[in-house]
Each structure stands twice: as C-alpha cells, then as structure tokens.
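In what follows, a single structure is set out as structure tokens and then discussed.
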Amino acid sequence: MTLEAHLAEQQTLLASREQARAMRDQLGYAGGTNLTGDQVKKLDVWGHEIMTAALRKTGACAALVSEEAPEPIEMAEGEGPHALVVACDPVDGSSNLDVNGTVGTIFSLRPSKGMDPAGPAALGPGTEQVAAGYVMYGPATSLVYTAGHGTHGFTLDHATGQFLLTHPNIRVPKKGKIYGINEGNFSTWHPGQRAFVEHLRTPDKATGRPYSLRYSGAMVADVHRTLLEGGIFMYPADMRDPAKPKAKLRLLYEAAPMSMVAEQAGGRSTTGTERVLDIKATEYHQRVSILVGSPDDVALVEEFYRR
Ligand code: AFP
C-alpha cells in the first residue's frame, strides 16, 4: 500500500468514527433531571420541542402539558379553534435510548372548555379525555389510538409516509399468560400485589400458570404487547410506608391515556383498588399505580388486593 492510500484509508476511518460518535451521542444523556426526577436525555428534549412546535402549528391546541415542562405551555395565540388541551410524554421509556431499545410517545386529549389559561382543563378525571393513544418506535412504527369508539392500530408505511390501518378494533384477550412488572421492586409492594405475582409464578395447568414474564422498561411497548396478546402490565406503588404510597408513573400522560386505550379495547385498568380513569388529577405531574390488561387478569389482581 502506498503512503497516500494508507493516509486516505486512515482519514475515512477517522471520519466514520466521528460520525459514529455523533450518532451515539445523539442518544445520550443531556444532563440534569426532569420534574419527576428522571434523567433527561437529548431525545427527550428534542421530542418535547418537536411536539410543542407541531401542536402550536395546528391551531387546535390551547395548552400542552408535557413531561418535560413544569407548567402547561399555553398556545392560544394565532388562528384556530384552540379547543383541546393535550398531555404528552414525548419520549416514554427513555432509559432504553442508550441501548437502542423500544421507546414511544403517549398523548391524551381533553376539551379546553374555553378556559383561559387552558392548562387547568387538563386536570380532572381521565373519563374527560376525548381521545388518547401512543406511537411506538419498534421494528415498525405503530400508532394506536382511541377517540372513544374502539381502539385502532396503524403501521407506518415508510414508502408512502402514511399510517395504514393494520389493527382495526383491537380486542384485548379476556385472559392472558404474560405479566410485565419490575420485579426488582418486589419487597416494596402491597402484600396483595406480592401474593398475586407469587400466584402467577405458581404452576397450575388448569389455570394456565405459570405466566411468562416480559418487561421492557417502556410502558408503551409493554402495554402494546398486552393489548395484542393479553395478560397484565403493572407498575404498583412503593408501599414501604403504607401511609405514604409512592407511585412512579404519571397520571395525565401515562396512566390515564393508556387506561382509555385499554378500556376501549375491552381491557381494564386499576390501581388495585380504584379504576384509574376515575382518579381526579389535581396536579400536572401527579403519579399513580397502574395495573392494566386483560379483564380477567385485572379482576383477579383486584381480588388479591382485597384479601
Ligand atoms: P421514562 O419515560 O422516564 O423513560 O420512564 C419510563 C417509564 O415511565 C415507563 O415507560 C416504564 O414502564 C417505567 O418507567 C420503567 O420504570 P423502571 O425502570 O423503574 O422499571
């Protein structure tokens, strides 16, 4: 090899290393924590900015409650009906970003009720949502949503840029054989929650046990699987101090929209003792327990909480 050829080869190698580093850093940690104490990734910030700009452009939105902003972002200026308040987790499952795992975007729409400022219209029970859904960025990009008349799934066709209706009227199986939960937190759970998971792990042919465990770290991916295959996804509260249960997932832009999607597909969603959609949000970043999935599996976990 000549010296020139060797130098050219080294330069190409260096350029591709730079490019690779830039791509890797795009997924990396941006520094700081968000309101709910989670590490903020660059894509979280980017997702929030894209969502804000896009909603502003529509003229449909009066305010946005985003995981990445402490207070609602008012957007009543400009033309348009501004009749909706949107709550959104722009990048749900962001701890998956560094390992190229599945993430999603969750959204919830409520009427703005003519309120000015409109942000407070996002508070109240989840039954006030007029539509909800999520986008999942997996091997394919899926959009699943409900406007109160069933839950429907679309898949992005990259060739045309269109979302095609691939899963009309999704129905959650009555009972499943998969559960999803962060079992590392086992010792902090409500006794009924612990007994339920012990139950699912105990072999019994007649009732289809043991269940299999699947957990991705992104609620969007775990709920999506649960909608299609049945079973139950759970993020129960930390009950170390029973007087002060500490939940992790956010009511307005995680639990309420996913509960509406699940219920519209024939599933159920509970905190263990209460229907999630009946819980009145009093704070924008309120947290709540959620156990969501097949109606029979959710009924059974509620029974364990009552025992
Ligand atoms: P982020 O949206 O901050 O990445 O959190 C993801 C999430 O809210 C939800 O999508 C997951 O189910 C859950 O948290 C995972 O939490 P653990 O890492 O505690 O299991």
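Every number for a ligand or one of its atoms is a count from 1 in the order of the listing. Nothing fancy with the numbering, it's 1 onward along the sequence.
Contact atoms of ligand 1 toward F233: 12 (O) (distance under 4.0 Å to a heavy atom of the residue). Remark: ligand 1 atoms within the under-4.0 Å shell around heavy atoms of D89 are 2 (O). Close approach to L249 involves these atoms of ligand 1, each under 4.0 Å from a residue heavy atom: 7 (C), 8 (O), 9 (C), 13 (C), 14 (O). In summary, the atoms of ligand 1 found under 4.0 Å from a heavy atom of S94, numbered by their order in the structure, are 1 (P), 3 (O), 4 (O). Below 4.0 Å from some heavy atom of S95 lie the following atoms of ligand 1, by number and element: 4 (O). Near N182, meaning under 4.0 Å from one of its heavy atoms, ligand 1 places the atoms 17 (P), 19 (O), 20 (O). Against a heavy-atom cut-off of under 4.0 Å, M219 is close to the following atoms of ligand 1: 9 (C), 10 (O), 11 (C), 12 (O). Short contacts between ligand 1 and V91, defined as distances under 4.0 Å to a heavy atom of the residue, involve ligand atoms 2 (O).
For residues 120-140, the pairs satisfying ring-ring contact (aromatic ring centres under 6.0 Å, His included) are Y134-H224, with sequence neighbours left out.
Within the model, atoms OH of Y235 and CG of L249 stand 7.0 Å from one another, a figure rounded to the nearest 0.5 Å.
With respect to the salt-bridge test (charged N to carboxylate O, under 4.0 angstrom), the residues E198 and R201 qualify.
Side-chain N/O atoms of E274 and T270 include no donor and acceptor closer than 3.5 Å. Side-chain contact annotation: D297 with Y211, donor-acceptor N/O pair under 3.5 Å present. Side-chain atoms of T207 and D204 form a donor-acceptor pair, as typed in the model, at a separation below 3.5 Å. In summary, the side chains of S289 and T271 do not present any donor paired with an acceptor at a separation below 3.5 Å, with no hydrogens or angles considered. A donor and an acceptor atom, one from each side chain of R250 and H285, are nowhere located under 3.5 Å apart. Looking only at atom types and distance, the side chain of Y305 has a donor-acceptor partner in the side chain of Q193 under 3.5 Å away.
With a 4.0 Å cut-off on non-hydrogen atoms, Y253 does not touch ligand 1 at all.
Comparing E183, E67, R250 against atom 5 (O) of ligand 1, the shortest heavy-atom distance belongs to R250.
The closest approach between any non-hydrogen atom of D44 and ligand 1 is not below 4.0 Å.
Of the polar atoms of D222, none of the N or O atoms is found under 3.5 Å from an N or O of ligand 1, judged by distance alone. The shortest N or O to N or O distance between N185 and ligand 1 is not under 3.5 Å.
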